There are 4 protein chains.
Amino acid sequence: MTDGRVTRARALREERRQQILYAARGVFAHRGYHASSIADILGAANIARGTFYLHFESKKTIFSELLDSFTDRLSGVVHRVDLTSDVSARNQLLANVQRILAILFDNQDLTTILLREAVGVDTEFDTKIAEFWGHVHLLVKRSLKTGIELGILRSIDPELYAWFVLGGIKEAIAQLVARGETPDAEQRRRLAENVLDYTLRGILRT
Amino acid sequence: MTDGRVTRARALREERRQQILYAARGVFAHRGYHASSIADILGAANIARGTFYLHFESKKTIFSELLDSFTDRLSGVVHRVDLTSDVSARNQLLANVQRILAILFDNQDLTTILLREAVGVDTEFDTKIAEFWGHVHLLVKRSLKTGIELGILRSIDPELYAWFVLGGIKEAIAQLVARGETPDAEQRRRLAENVLDYTLRGILRT
Amino acid sequence: MTDGRVTRARALREERRQQILYAARGVFAHRGYHASSIADILGAANIARGTFYLHFESKKTIFSELLDSFTDRLSGVVHRVDLTSDVSARNQLLANVQRILAILFDNQDLTTILLREAVGVDTEFDTKIAEFWGHVHLLVKRSLKTGIELGILRSIDPELYAWFVLGGIKEAIAQLVARGETPDAEQRRRLAENVLDYTLRGILRT
Amino acid sequence: MTDGRVTRARALREERRQQILYAARGVFAHRGYHASSIADILGAANIARGTFYLHFESKKTIFSELLDSFTDRLSGVVHRVDLTSDVSARNQLLANVQRILAILFDNQDLTTILLREAVGVDTEFDTKIAEFWGHVHLLVKRSLKTGIELGILRSIDPELYAWFVLGGIKEAIAQLVARGETPDAEQRRRLAENVLDYTLRGILRT
DNA sequence: TATGAATGAGGCTTCATTCAT
DNA sequence: AATGAATGAAGCCTCATTCAT
């Protein structure tokens, strides 16, 4: 059934999809969801109007897809801390932070969209993004809880402090990306250290 | 000239203005800037189309006014720490945090607008809001610098850490307001303590 | 019945009316009917909105009144040529032209309105203005007919030539007024001579 | 690249443009600029709202285009009199008049717009139209000057008399078009003769 | 009579989506 | 699959007129 032609056709189709996604990503990051028109995307992707709707259902759909795939990727690199591991908890957390920073800085457009442009777009989106951050928040909260139970962390309100932690990181990165800074490997390492350091001091027992 | 009638007329006019602002505030907080139509505001304020334009130039104008007056009010209650004062620096900071929290929780709609709905509305707005946060960031950064110079704080990057501090607070409050929690005085006091505690631990020398 | 108070009240009312008419005249002449808003007139007359409607039914009404009174005045000074008079026909015509020019140049705002701004305002107005010019045209046409019958004029199409005559004068004056020129008595006399001269040469038998 | 399909598409697009222009022309001529709504044009052209804006930027734009192309066409057929030509000056002038009359009577809607409906629409338009007539006036004035220098014409004020000439013709034609008369070839010839005759008598030396 | 706030019909323009080729 | 013309709902704003004080 699926002979070469079909396969090739599929590949082409997928390629075209990616081309549009790429264009949309830049447009949304640059102008924000509302200020971006389908025409902008068409222009950036160099395709005709109809072609767009051949690949995506709507403006909302493509925005959603960009957002979802990004949050999925982010979610994927956050590993739960394994207390039985040889690697220290601190270093496991550090690795998490570093992986996240890597993704964020390597996808500045998507980071911009996630942190700045995806708010207040639509009730539906807001919910989805809230869920994403809720998910991250949950991961952090669990870690805090475990830390408290193990006596590593002070007896704090995990719910509240998880937002402190999350917010601090979001804001700092948003600012860095907003001003177009692309730190090199060494700078990222130091940034990750700072993030973790600040955060842990705020919550560690001693 | 300005007899009783004129005075009363002015008062009525101002009252009507406030009525519209109040209605708009709720609408914007609820649906976001873009999803809110003038018609929504008219409905909420129970006025006719023309009446709106008698008091405000445009949709953007009224949104801007809401935002500006709120950020002005917020800016107004943040006092620089006076190291020569009898009151300890910590307590001065605590007072700042408490005043801010008071305004935020007493104006949940405006808080929602500021933290959630005023992003990505318009390049112009984005700039204005960025300036506001930039202003707050500057205040925090200055405090950090002073603290470092005085040897009270660790030798950190004030720029970066100021964003950590700011972001943590913004996020936590945004979450609380988002879920419609209106903490009582006691809860607010504890929240302020937590905010300050978390923050200071992250930056204090010891 | 009509004691002093009533009389005085009437006089005041009339005065107020004139004040508004005067203001409207300037506004209409300056910006044209459509570009003039009631607000413009209120500003020029320094009165409140309601006051306007106390004296005039509508925007159309006041415009109409300005126009009508002006066309009436103009019509009034055009006398039919009396061939039995001691005064020569040419001089009677010249007197007509001079009287018209006097009114036009002494009321430049109204002249502007009549010649430039009162066209295409409204079907109703167009009709009225067409009727006015039709009236003037009729006067001219009659003169031509008489002249032809008396053998003074060539055997021309009175209908058509009356438009030639009328149009030439209208255009020349419109231009003069448009550029704000206010000729003195001597210049007006010469202008009248020119008008008549040009016109008569075009139609006189010899 | 530009194969048959593309060519046809372009032709169709141009056709649609013309269809809209045609509809707008009728509407504007009939009701005047201000009384014409976009909806009127849509109805006359039998197209949807969006389609209009696909071809024209705005109501002003389409009106402007109608006007400009018409004045351009008119300007195009007015040739300067060539005194070295075999054709007599009089006949060259006559040819000019005839060409102008031809265009005017063949485009009664546009003529109506130019002479009646395009006045007082907008400051911008007024200027443009004034410039057009100014251009024509200049042509006439130059001819007069030349005539005077050559001793063919009397020693008149060219500026003033050019307005006489122009105004007479404008008015006569406006009247004819206004009453919907469409003279046949013979009638046009005679009209042109009359126009020229009247005009020349007014200015010729003898 | 004077005021000016309130009204709402009316008009222009945008833009996401559809559809015939 | 690709194209781009066509669609029309939706939204913003103006301004002549009314009306309560």
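Small disclaimer: the values here were computed from a predicted structure and weren't measured. Side chains are part of it too, since the values below use all heavy atoms of this structure and drop only hydrogens, waters and symmetry mates. First the proteins, then the strands, lettered A, B, ... as listed; each starts at 1.
- B:E65 and B:R17 are joined by a salt bridge, as a carboxylate oxygen and a charged side-chain nitrogen come within less than 4.0 angstrom of each other.
- When atom types are taken as modelled, the side chain of A:T51 and the backbone of A:I47 share no donor-acceptor pair closer than 3.5 angstrom.
- In this structure, A:T51 reaches the bases: a heavy-atom distance under 4.0 Å links it to at least one base atom across the strands shown.
- Of the N and O atoms on the side chains of B:T61 and B:S58, at least one donor lies less than 3.5 Å from an acceptor on the other residue.
- Distance NZ (D:K59) to P (E:dG10): 15 Å, rounded to an integer number of Å.
- Residue-to-nucleotide proximity on DNA chain F shows that, of D:G50 and B:S36, the 5′-proximal contact is made by D:G50.
- Proximity of residues 17-28 of chain A to DNA chain E (heavy atom under 4.0 angstrom from any strand atom) is not detected for any residue.
- Residue D:Y53 places none of its side-chain N or O atoms closer than 4.0 Å to OP1 or OP2 of E:dT14.
- Take the nearest nucleotide of DNA chain F for C:S58 and for B:S58: the residue whose nucleotide is more 5' is B:S58.
- Rounded to whole Å, the distance from CZ on B:R13 to P on E:dT3 is 17 Å.
- In this entry the distance linking CD of C:E15 with C1' of E:dA2 reads 16 Å, nearest Å.
- Aromatic ring pairs are classed by plane angle as parallel below 30°, tilted from 30° to 60° and perpendicular above 60°; the pair C:Y33 and C:F28 is parallel.
- Formation of a donor-acceptor pair under 3.5 Å by the A:D40 side chain with backbone atoms of A:S37 is found in this model.
- In this structure, C:E124 pairs ionically with C:K60, as a charged nitrogen and a carboxylate oxygen lie closer than 4.0 Å.
- Straight-line distance from the CG atom of C:L54 to the P atom of F:dT18: 12 Å, rounded to whole Å.
- Side-chain polar atoms of A:Q19 and A:E15 form no donor-acceptor pair below 3.5 angstrom.
- Taking atom NE2 on D:H34 and atom C1' on F:dT14, their separation rounds to 14 Å, with Å as the unit.
- Checking the phosphate oxygens (OP1, OP2) of E:dT1, no side-chain nitrogen or oxygen of C:R16 falls inside 4.0 Å.
- Residue contacts for B:H55: at a heavy-atom cut-off of 4.0 Å it reaches the sugar-phosphate backbone alone, with no base atom in range.
- Taking the side chain as every heavy atom from C-beta outward, D:D68 and D:F132 never approach each other to under 4.5 Å.
- Atom P of nucleotide F:dA5 and atom CD of D:E14 are separated by 12 Å, given to the nearest angstrom.
- Rounded to an integer number of Å, the gap from CZ of D:F56 to C1' of E:dT14 is 18 Å.
- When base pairs are accepted only as Watson-Crick or G-U wobble with both N-N or N-O distances under 3.5 Å, DNA chain F takes part in stems of 3 or more pairs at E:2-21 with F:2-21.
- Counting only heavy atoms from C-beta outward, the side chains of A:H55 and A:R13 approach each other to under 4.5 Å.
- Across the protein-nucleic acid pair, D:D122 atom CG and E:dC12 atom C1' stand 15 Å apart, rounded to whole Å.
- For the segment residues 38-49 of chain B, residues with any heavy atom less than 4.0 angstrom from an atom of DNA chain F are, sorted by number, B:I38, B:R49.
- Residues B:Y22 and B:D109 fail the side-chain proximity criterion, which asks for heavy atoms closer than 4.5 Å.
- Annotation: side chain of D:I20 is in contact with side chain of D:R16 (closest heavy-atom distance under 4.5 Å).
- Nearest-nucleotide assignment on DNA chain E puts the 5′-proximal partner with D:F52, out of A:E57 and D:F52.
- Listed for the C:K128 side chain is no donor-acceptor partner under 3.5 Å among the backbone atoms of C:L67.
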